[in-house]
Structures are given as structure tokens and as C-alpha cells.
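Structure first, commentary second.
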Amino acid sequence: MKKSTLFTGLIILVLIIVVAWLLWPKSAPENAQGMMGGYGAQGPVPVETIRVKQQSVDMTMELPARVVAYRQSDVRPQVSGIIEERLYQQGSLVEKGQKLYQLDDARYIANLKSAEADLQNARAQLKTIKTRAQRIRSLKAQKAVSQQDLDDVEAQLAQAEAGIAVAQSNVDLQKINIEYAQIKAPISGRIGQTFLTEGALVSSGQQQPLAIITQLSPVYVDMQVSADRAQRVMSLLSQQQRAKETQDSEEQTPQENRLTVSIPQNNGESLTGYLEFSDVVVEQSTGAITLRAVIENEPVNLLPGMFVTASLQLGTSEDILVPQRATSRNPLGGLDVWVVNDDNTATKKTLQSRQAYQDQWIIENGIQAGEELVVVGYQKLQPGAEVKTSPWQGSEQPQAATQKQSQAESKQTQSQE
């Protein structure tokens, strides 16, 4: 009984294998076709697409930057003396030429009086020699004196005139020393703390300054940019400069070179300025080039030494933009996208991007304006798959959701009433 049962089971198993083998060639293409996702039992794959086109792009470059003082000057004595009085408030704004310190000038006043006395003596000697020279000339005309006497008196007259010039310069020098005893501000700006107090002896050759004055409006903002990016910046700036020179306009700061500096310490408040110059030497240690901008700093929000974020505006350009969500990275670092052909089949393409712009990529090559790009649903596609397209509503979805929510809230309010 057991042998017959076992034999019956084997026959059934063989029949099942034969039937499966006969049916497999017929079902395999359909399954493969279904896995392709393009046609067959499943039909075309639904996707959302957009038509790529050239758009105006504001060229912006975000760079880390550091604030540098527009002018900074050490207050130093030009003559020696003891500080008698400090004439400013530490941390205040001072104007160029404002008196800051008063040195003891008694010695210089005395030297001035002595120099003035020497000048009077030289003038008196000149007057005496002039009188003698006139007498010698008259006698020479009468041939009463020799030519040697005339030459001697002429030489004495020249020496007397030179002595007056020396005495006059000495008087001027002593007046300058008295003026230097009043130490004044060399530039306008905000003055810091004083490093020496009243009673301290200072000299013209000392290394320590009395104070430091810093001009805070405007200020410089120095940025470091890589050499390859700097070439593009300088190329764009030169193009814009040539375009500006061809236009007949009033002199003003070119808008193409405007610079916006974001201040994280001040709730993102922005100050504007213009790019003044770019360095022409690449630093060997960093491989970067320095760009310097001038920023108006009124009110004073930027202080020298601060780190800020600079947004460099380089004008506008016409470029093809592709949504970032429509792309995927391949192992080689390129951007893969799916494009819909005229026969509603999908083809994969690899793009080369220049940089990101908001939530899109700026494309250099790989796709042409007017091509239909798959944004949603490309994960299900295979090369040659048939697709069913519909416009991408990604930018309108949040607005539609907001409208639905507002309508729901309105209905709820009406029902409560």
C-alpha cells in the first residue's frame, strides 16, 4: 500500500514540473515587460514633467570675509617732553587736527625766543655790511679803493644774507616744535584708550604709541576666493566694466559690483558696498585670491577683525535651470536626469552643472532648452520605458494645501455658528 502511494506522488510531482516548464516561456516576457514598467499589463508609468528653459539668474557668490579698518593711525609724539594734559575722552570720535595731548613746551618757547634774537642780530649785521658795501662801491667808482676791497665787502654781504636765512629757518623750526608740543589727531575716527597718562615722558623716537585712531566708516571687507572661482569673478567684472564704459551715464557705483554683507551678530542686518579690487597674486599656502570691498558702515555695526558673510552680486546671466529633486548623482559625480522623447519614452541623460541656485542646478551642458524633464516618478523608469506625462505641480502644491486648509477652517467656523 505504501509503495503505491509513493509511486502516485512521484507521478503528480513530475506532472507539475512538466506543466510549469510548458507555461514558463509564455509568461516570462510578460513578467519582464511588467518589470520594465513601460507597457504590457501595467501600462505607461505616470510621471510629472516640466519643460526646461533659459532663465535670468542673479549671479551670487557667498564668501566668508573679515572686516579691516579703512584707515588706522598711531598717535605718536614728534618732539620730546612731559605730557601735561590729555584733551580727549577715551573711545570718543575725534576729527583730523583736533588737539589730543599737550606737552610741556617751556623749553621750546625759550628756544624760539633765542632764535628770534639771533635773527635780529643777523639783520643788524646785514644792515651794517650793506652800508659799508655802498661806501666801498662809491669809492671804487672814484678809484679810491682796490678791487680786492670791493670783493671782500661783497662776500661779507652774501654771508650776512645767508646768516639771516639760517636764523629765519631756526625760528621756523622752533615754532614747529612748539606746534608739535600740541599732539593732534592725524585722521578722523574713533580713538581708543590712552597708553600713557599725564606726567609721562615721551620722545619722538619711541615705539609705543600714545593712542590709536580707527576710521570705522567706511570699512574694508576682505574675502578669500579660490583661484578658479576668482577667474570667473574677474572675467565677469571686466565684461561689466567694458559694458559700463560704453554707456553714457553719470558717475556712480556700478550696481553689478554691489556687495551685501550679512551680519549674523545683528539679526541678519545687511550693509551694502562695492568691490574695489582683486589681488593678482595667488597665495601659495591656500591657493586663494583676496577680494577687497568697501562698505558704508553707518551706523557702526562692523568692527575691524569681525568675521562676516559676504554675498557678492555679479550681475545676471541667461542659464538653463533644473530642479534638484529631478536629479540623482551617479558614481562619477555627474547629475542623471530622465528626459521624455517625442514618442513618450524615457531616456536617461547626464548633465554638467556649474553651481547651485536656490533649489535648482545651473546647467552648463547635457540638456537643451525646450526638452521635457521628468521631476516626479523617475525612480520607476528604465531606458525606453513608456510614460504618461502630466505637468509638475510641485510649486503649486503648498498653495493648494493652504487653500484646502483655509476652506476646511471656514466650513468648521460656519458649522459652529
Side-chain angles (χ1 to χ4, degrees), residues 31-39 42 44-64 223-236 239 282-289 291 309 311-312 314-395:
N31 293 337
Q33 195 175 30
M35 293 175 63
M36 296 276 295
Y39 49 88
Q42 294 186 1
V45 179
V47 293
E48 296 183 12
T49 62
I50 60 169
R51 291 279 182 182
V52 294
K53 58 182 179 179
Q54 284 192 340
Q55 303 179 40
S56 296
V57 179
D58 293 330
M59 300 301 297
T60 304
M61 187 177 295
E62 299 289 338
L63 298 171
M223 300 156 284
Q224 296 289 327
V225 60
S226 60
D228 54 345
R229 300 181 70 186
Q231 290 179 353
R232 179 171 180 81
V233 172
M234 290 185 288
S235 175
L236 288 173
Q239 292 175 8
V282 179
E283 295 184 10
Q284 296 182 0
S285 58
T286 60
I289 292 178
L291 304 178
T309 300
S311 177
L312 182 60
L314 298 174
T316 60
S317 63
E318 295 293 328
D319 293 297
I320 293 178
L321 300 181
V322 168
Q324 292 182 358
R325 64 172 299 173
T327 64
S328 60
R329 286 286 180 184
N330 58 37
L332 299 179
L335 295 176
D336 288 342
V337 296
W338 289 89
V339 177
V340 179
N341 302 319
D342 295 337
D343 58 355
N344 286 336
T345 58
T347 302
K348 181 185 288 187
K349 288 189 175 183
T350 301
L351 311 181
Q352 294 294 331
S353 65
R354 185 170 70 242
Q355 67 182 68
Y357 176 72
Q358 298 177 359
D359 60 346
Q360 302 180 86
W361 293 111
I362 299 177
I363 303 302
E364 288 189 341
N365 56 66
I367 194 170
Q368 301 295 328
E371 293 192 63
E372 191 172 7
L373 179 68
V374 177
V375 181
V376 177
Y378 63 86
Q379 296 86 350
K380 305 176 185 179
L381 297 179
Q382 294 291 335
E386 185 178 358
V387 296
K388 181 180 179 181
T389 63
S390 60
W392 179 45
Q393 304 295 334
S395 59

Point to revise | Between Thr345 and Glu386: side-chain donor-acceptor atoms closer than 3.5 Å | key: no
**Study point:** Result of checking Gln55, Arg354, Gln355, Gln360 against Asp319 for side chain to side chain donor-acceptor pair (under 3.5 Å)
**Key:** Arg354
Check your understanding: Which heavy-atom pair separates Trp392 from Pro323 by the least distance, and what is that distance?
Key -> CZ3-CG, 4.1 Å
Point to revise | Interatomic distance, Leu312 atom CG to Met61 atom CE [nearest 0.5 angstrom] | key: 6.5 Å
Point to revise | Note, Glu318 side chain near Ser56 side chain (heavy atom, < 4.5 Å) | key: yes
Practice item. Identify the heavy atoms of Leu63 and Gln224 that sit nearest to each other, and give their distance. Key: CD2-O, 4.1 Å
Practice item. Answer yes or no: are there more than 12 heavy-atom neighbours, outside Gln368 itself, under 6.0 Å from its atom CD? Key: no
Exercise for review: Say whether, by atom type as modelled, one donor and one acceptor occur between the side chain of Asn330 and the main chain of Leu332 under 3.5 angstrom.
Suggested key: yes
Point to revise | Closest approach of Lys53 to Ala369 (non-hydrogen atoms, all atoms of both residues) | key: CA-CB, 4.1 Å
Exercise for review: In sequence, state the C-alpha distance, the side-chain angles, and the governing distance for Glu48 and Val374, and then conclude on side chain to side chain contact (heavy atoms under 4.5 Å, CB included).
Suggested key: CA-CA 6 Å; Glu48 296 183 12; Val374 177; over 6 Å; no
Review point. Can you tell if the side chain of Val57 reaches within under 4.5 Å of the side chain of Ile362, non-hydrogen atoms only?
Key: yes
Practice item. Rounded to the nearest 0.5 Å, what's the gap from CG on Leu321 to CG on Leu373? Could you check? Key: 11.5 Å
Check your understanding: Below 4.5 Å, heavy atoms only, C-beta onward: do Val376 and Val47 meet side chain to side chain?
Key -> no
Exercise for review: Please report the closest heavy-atom contact between Ser311 and Glu62, naming both atoms and the distance.
Suggested key: OG-OE2, 3.2 Å
Revision key, fill the gap. Nearest heavy-atom approach of Ala356 to Gln324 is CB-NE2, 3.7 Å
Review point. Mind checking whether Trp361 and Thr327 have side chains closer than 4.5 Å, heavy atoms only?
Key: yes
Review point. Is it true that the side chains of Ser353 and Glu364 contain a donor and an acceptor less than 3.5 Å apart?
Key: no
Point to revise | CD1 on Ile50 to CD on Glu371, rounded to 0.5 Å | key: 12.0 Å
Revision key, fill the gap. Heavy atoms of Ala346 and Trp338 approach each other most closely as CB-CE3, 3.7 Å
**Study point:** Qualifying residue, where the test is side chain to side chain donor-acceptor pair (under 3.5 Å) with Glu372 and the options are Asn344, Asn341, Thr49
**Key:** Thr49
